[in-house]
Amino acid sequence: MLRIGLTGGIGSGKSTVAALFATRGVPVIDTDEIAHRLSQPGQAAFDEIVRDFGEGILDENRRIDRNRLRERVFNNDDERRRLETILHPHIRAAAQEKLAELSAPYCILVVPLLIESGFQDLTNRILVVDAHENMQIQRTAARSGMSEAEIRKIMSAQASRAQRLQKADDVIDNNSDRKKLEAEVERIHQWYLSLAATARKN
């Protein structure tokens with residue numbers, strides 16, 4: 001099975017693109033969803049995160065307040081790396097487990113920090129959803145209410161647009177409208193089906 005690593009900067013449209021692949025019957029594994037699940041009470045990473053970051057990151061229901069934790073880690077590189085050290089091994093193990101269960105021509109593994117986190121070895125190809133920085137900021141502000149300064153802080157902790165494009169095997173341009181994006185996804189979908197068919201013959 002061909003494993004496609006889907007990545008892109010904040011506000012580039014990764015979730016929308018992943019959903020468009022899913023509507024075409026492509027299995028999608030989202031590492032953000034895995035991280036969210038692992039950070040729930042009783043799950044693998046919860047106790048480690050609370051032990052390292054303190055109970056100040058918990059909300060009134062004693063769940064991790066993701067906004068509070070995000071504010072802390074994006075304002076402190078050491079704490080961000082500490083959180084990644086806790087989460088990444090758990091995320092990797094869970095993703096590998098899910099990958100092993102799949103049977104399809106190809107699958108999509110959504111990893112926002114694919115290039116930064118060293119998850120490339122789980123994939124055969126890297127697909128980058130690309131958008132101009134001003135478009136990323138506009139979309140993120142619209143959906144989250146964050147200020148431009150907050151968004152730029154997050155962007156500065158991610159690989160640059162140029163670094164992502166340099167690592168990409170394939171690129172989906174998401175600087176236009178939904179119709180254009182759907183056409184881009186369909187084009188890449190057909191390409192991956194043909195690659196998967198060729199790989200099976202060999």
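The model shown is predicted, which means the values in this text are computed figures rather than measured ones.
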### Message
Show, in sequence, the C-alpha distance, side-chain angles and deciding distance for Cys107 and Leu2, and conclude whether the side chain to side chain contact (heavy atoms under 4.5 Å, CB included) test is met.
### Response
CA-CA 6 Å; Cys107 71; Leu2 195 62; over 6 Å; no
### side chain to side chain contact (heavy atoms under 4.5 Å, CB included) assessment of Asp65 paired with Leu58
CA-CA 5 Å; Asp65 185 320; Leu58 299 178; over 6 Å; no
### Query
For Lys180 and Asp177, what are the C-alpha separation, side-chain angles and deciding distance, and is it a salt bridge (charged side-chain N to carboxylate O under 4.0 Å, His left out)?
CA-CA 5 Å; Lys180 172 84 188 300; Asp177 56 22; over 6 Å; no
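Summarising the geometry, atom CZ belonging to Arg200 is positioned 11.0 Å from atom CG belonging to Leu195; distances are rounded to the nearest 0.5 Å. Atom CZ of Arg3 and atom CG of Leu109 lie 8.5 Å apart (nearest 0.5 Å). Rounding to the nearest 0.5 Å gives a distance of 8.0 Å between CG of Leu6 and OG of Ser12. For the atom pair Leu38 CG and Gln40 CD, the distance stands at 9.5 Å (nearest 0.5 Å). Annotation: the span from Thr85 atom OG1 to Arg80 atom CZ amounts to 10.5 Å, rounded to 0.5 Å.
Within a 6.0 Å sphere centred on CD of Gln166, other residues, nucleotides and ligands contribute 12 heavy atoms or fewer. More than 12 heavy-atom neighbours from other residues, nucleotides or ligands sit within 6.0 angstrom of CZ on Arg81.
Cluster membership check: Ile108 shares its hydrophobic cluster with Val17, using side-chain heavy-atom separations under 4.5 Å among Ile, Leu, Val, Met, Phe, Trp and Tyr. Val111 and Val129 sit in two unconnected hydrophobic clusters of ILVMFWY residues. Membership requires side-chain heavy atoms under 4.5 Å apart, directly or through other members. Phe119 and Val110 fall into different hydrophobic clusters, where Ile, Leu, Val, Met, Phe, Trp and Tyr residues are linked whenever their side-chain heavy atoms come under 4.5 Å apart, directly or through other members. Linking ILVMFWY residues whenever their side-chain heavy atoms come closer than 4.5 Å, directly or via other members, places Val185 and Trp191 in the same cluster. Ile57 is connected to Leu83 through a chain of hydrophobic side-chain contacts under 4.5 Å among Ile, Leu, Val, Met, Phe, Trp and Tyr, so both are in one cluster.
Asp170 and Tyr192 form a side-chain donor-acceptor contact under 3.5 Å, judged by distance and modelled atom types alone.
Within the 4.5 Å cutoff, side-chain heavy atoms of Leu20 are placed close to those of Arg178.
Taking every heavy atom of both residues into account, Val28 and Ala18 meet most closely at CG2-O, 3.6 Å. Residue Arg139 comes nearest to Ala131 through the heavy atom pair NH1-CB, 3.6 Å, listed as atom of the first residue, atom of the second, then distance.
Ring-plane geometry between Tyr106 and His189 is classed as tilted, the angle between the planes lying from 30 to 60 degrees on a 0 to 90 degree scale.
For the pair Lys14 (side chain) and Thr7 (backbone), a donor-acceptor distance under 3.5 Å is absent. Within the 3.5 Å criterion, the main-chain N or O of Arg63 finds no donor-acceptor partner in the side chain of Asn61. The backbone N or O of Ile64 sits nowhere less than 3.5 Å from a side-chain atom of Arg68 that would complete a donor-acceptor pair.
The salt bridge (charged side-chain N to carboxylate O under 4.0 Å, His left out) pairs that include a residue from residues 27-53 are Asp52-Arg82, where partners are two or more places apart or lie in different chains.
For the pair Asp130 and Arg164, the salt-bridge criterion is not met [side-chain N within less than 4.0 Å of a carboxylate O].
Screening Asp169, Val171, Ile4 for a side-chain contact (heavy atoms from CB on, under 4.5 Å) involving Ile126 leaves a single residue, Asp169.
In terms of the side chain to side chain contact (heavy atoms under 4.5 Å, CB included) criterion, residue partners of Arg187 (sequence neighbours excluded) are, by chain and number, Glu184.
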